[in-house]
Novice: 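This is the structure, below, for whatever I ask next.
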2 protein chains.
Amino acid sequence: MMKKNYIPCPVETTLQLLENRWRVLIIYDLIGGKKRFGELKRNISGISQRSLTLNLRSMEERGLIERKVYAEIPPKVEYTLSSIGRSLIPILKSMERWGTDYKKLPMPLPAKHSL
Amino acid sequence: MMKKNYIPCPVETTLQLLENRWRVLIIYDLIGGKKRFGELKRNISGISQRSLTLNLRSMEERGLIERKVYAEIPPKVEYTLSSIGRSLIPILKSMERWGTDYKKLPMPLPAKHSL
DNA sequence: CCGTATCCTTCCTGATACTG
DNA sequence: CAGTATCAGGAAGGATACGG
């Protein structure tokens with residue numbers, strides 16, 4: 001199935017880990033330090049509870065974030081970036097910079113809302 | 001519908017323009033200079049003709065790329081990055097760098113194939 | 001060569017309701 | 001508070017066939 005000389009492009013490797021726009025925004029939010037589930041939900045505009053849960057689980061499995069559960073009532077869960085997650089920060093920072101500069105342009109492009 | 005003090009996050013602005021993984025790979029491929037449709041199709045592993053066409057059209061509309069049609073038989077079309085498209089190069093370069101470094105890790109993470 | 005037109009499937013996501 | 005379970009709608013994307 002695999003072509004003989006197929007060398008996966010490094011950008012593609014990165015995209016496979018970022019996976020979708022929610023995950024990028026989750027990582028971006030976690031740059032500011034540990035966050036509880038509800039905080040992430042509030043900070044990431046438009047994400048559903050289900051999507052947030054699914055993405056957090058998968059990111060945990062892949063080692064991008066760490067999840068710490070406190071045995072308390074009411075429950076408390078904290079999410080943080082792992083060291084691999086933190087290694088992605090430079091990418092996020094370039095995106096942040098670009099988005100900031102872009103807003104200064106005289107003629108904004110039409111932007112759709114999907115990813 | 002708009003919350004009073006909603007300030008769209010700059011990262012989200014960037015994500016809205018990148019839109020999906022194919023577009024990121026298209027831009028990445030165009031960094032190397034102008035490309036014909038068939039070249040893009042060959043270089044971007046796994047993309048269908050339909051997806052490539054749709055994404056190129058939308059990227060052209062949004063001003064990320066430029067499309068030049070030569071009135072020849074057989075047809076010839078060349079795609080290049082616009083200046084706004086080129087302004088995204090630093091982001092792509094960080095992704096490239098990250099992907100390259102990541103492959104050197106002793107324990108690769110499980111990578112899924114979707115985006 | 002560079003597309004467009006259809007069809008079809010799969011995945012994503014939001015909505016909603018319920019629980020430890 | 002931080003989830004899980006379920007359902008349904010839509011949109012993205014692939015496969016295929018055909019056209020200028």
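Fair warning: this is a prediction, and the values are worked out from it, not measured in the lab. So you know, we letter chains A, B, ... as the sequences are listed, proteins then strands, and number each from 1.
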Novice: Hey, is the side chain of A:Asn55 poking within less than 4.0 Å of OP1 or OP2 on C:dC12, counting only N and O atoms?
Specialist: no
Novice: What's the CD-C1' distance between B:Glu72 and C:dG3, to the nearest Å?
Specialist: 16 Å
Novice: Please write out each protein N/O paired with an N/O of nucleotides 4-7 of chain C under 3.5 Å, distance rounded to 0.1 Å.
Specialist:
from: C:dT4; atom 1: OP1; to: B:Arg57; atom 2: NH2; distance (Å): 3.4
from: C:dT6; atom 1: O4; to: B:Arg50; atom 2: NH1; distance (Å): 3.4

Novice: Rounding to an integer number of Å, can you tell me how far B:Leu56 CG sits from D:dG13 P?
Specialist: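 The distance from CG of B:Leu56 to P of D:dG13 comes to 13 Å, rounded to the nearest Å.
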Novice: Specify the closest pair of heavy atoms between A:Trp98 and B:Ser87, including all atoms of both residues, with the distance to one decimal.
Specialist: NE1-OG, 2.8 Å
Novice: Side chains of B:Leu52 and B:Ile26, heavy atoms from C-beta outward: is any pair under 4.5 Å?
Specialist: yes
Novice: Taking the nucleotide of DNA chain C with the nearest heavy atom to each, does B:Val69 or A:Ile47 sit closer to the 5' end?
Specialist: B:Val69
Novice: Nearest whole angstrom, please: distance from the C1' of C:dC1 to the NZ of B:Lys68.
Specialist: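 In whole Å, C:dC1 C1' and B:Lys68 NZ are 18 Å from each other.
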Novice: Taking only N and O in the side chain of A:Arg36, is any of them less than 4.0 Å away from OP1 or OP2 of D:dC1?
Specialist: no
Novice: Are A:Lys93 and A:Glu96 within salt-bridge range, i.e. N to O under 4.0 Å?
Specialist: yes
Novice: Less than 3.5 Å apart, any donor N or O on the side chain of A:Tyr79 or A:Glu66 sitting next to an acceptor on the other?
Specialist: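 Per modelled atom types, A:Tyr79 and A:Glu66 side chains form no pair under 3.5 Å.
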Novice: Is B:Glu19 paired with A:Arg21 through a side-chain N to carboxylate O contact shorter than 4.0 Å?
Specialist: no
Novice: Round to the nearest Å and state the distance from B:Lys76 atom NZ to C:dC2 atom P.
Specialist: 9 Å
Novice: In the structure I gave you, are the side-chain heavy atoms of A:Val24 and A:Met95 within less than 4.5 Å of one another anywhere?
Specialist: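 Counting from C-beta outward, A:Val24 and A:Met95 do come under 4.5 Å.
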Novice: Nearest of C:dG3, C:dC1, C:dG14 to any side-chain atom of B:Val77?
Specialist: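 Selected nucleotide (nearest to the side chain): C:dG3.
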Novice: Specify the separation, in whole Å, of atom NZ of B:Lys35 and atom C1' of C:dC1.
Specialist: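 Rounded to the whole Å, the gap is 18 Å.
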Novice: Can you check the B:Leu52 CG to D:dA12 P distance for me, whole Å?
Specialist: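 After rounding, the gap between these two atoms is 16 Å.
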Novice: Answer yes or no: does a side-chain N or O of A:Trp22 lie under 4.0 Å from OP1 or OP2 of C:dT13?
Specialist: yes
Novice: Can you check the A:Ile73 CD1 to D:dC1 C1' distance for me, whole Å?
Specialist: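 Distance, rounded to whole Å: 9 Å.
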Novice: Just by distance, with hydrogens left out, do B:Arg23 and B:Ser58 show a side-chain donor and acceptor under 3.5 Å apart?
Specialist: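 Yes.
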Novice: With a 4.0 Å limit, can you tell me whether B:Ser51 has a side-chain N or O closer than that to the phosphate oxygens OP1/OP2 of D:dA12?
Specialist: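 Looking at the OP1 and OP2 atoms of D:dA12, neither is under 4.0 Å from any side-chain N or O of B:Ser51.
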Novice: Using a 4.0 Å heavy-atom cut-off, does A:Tyr79 contact any base of the nucleic acid, only the sugar-phosphate backbone, or nothing at all?
Specialist: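 Sugar-phosphate, no base atom in range.
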Novice: Within this structure, what is the CZ-to-C1' distance between B:Arg21 and D:dA11, rounded to whole angstrom?
Specialist: 17 Å
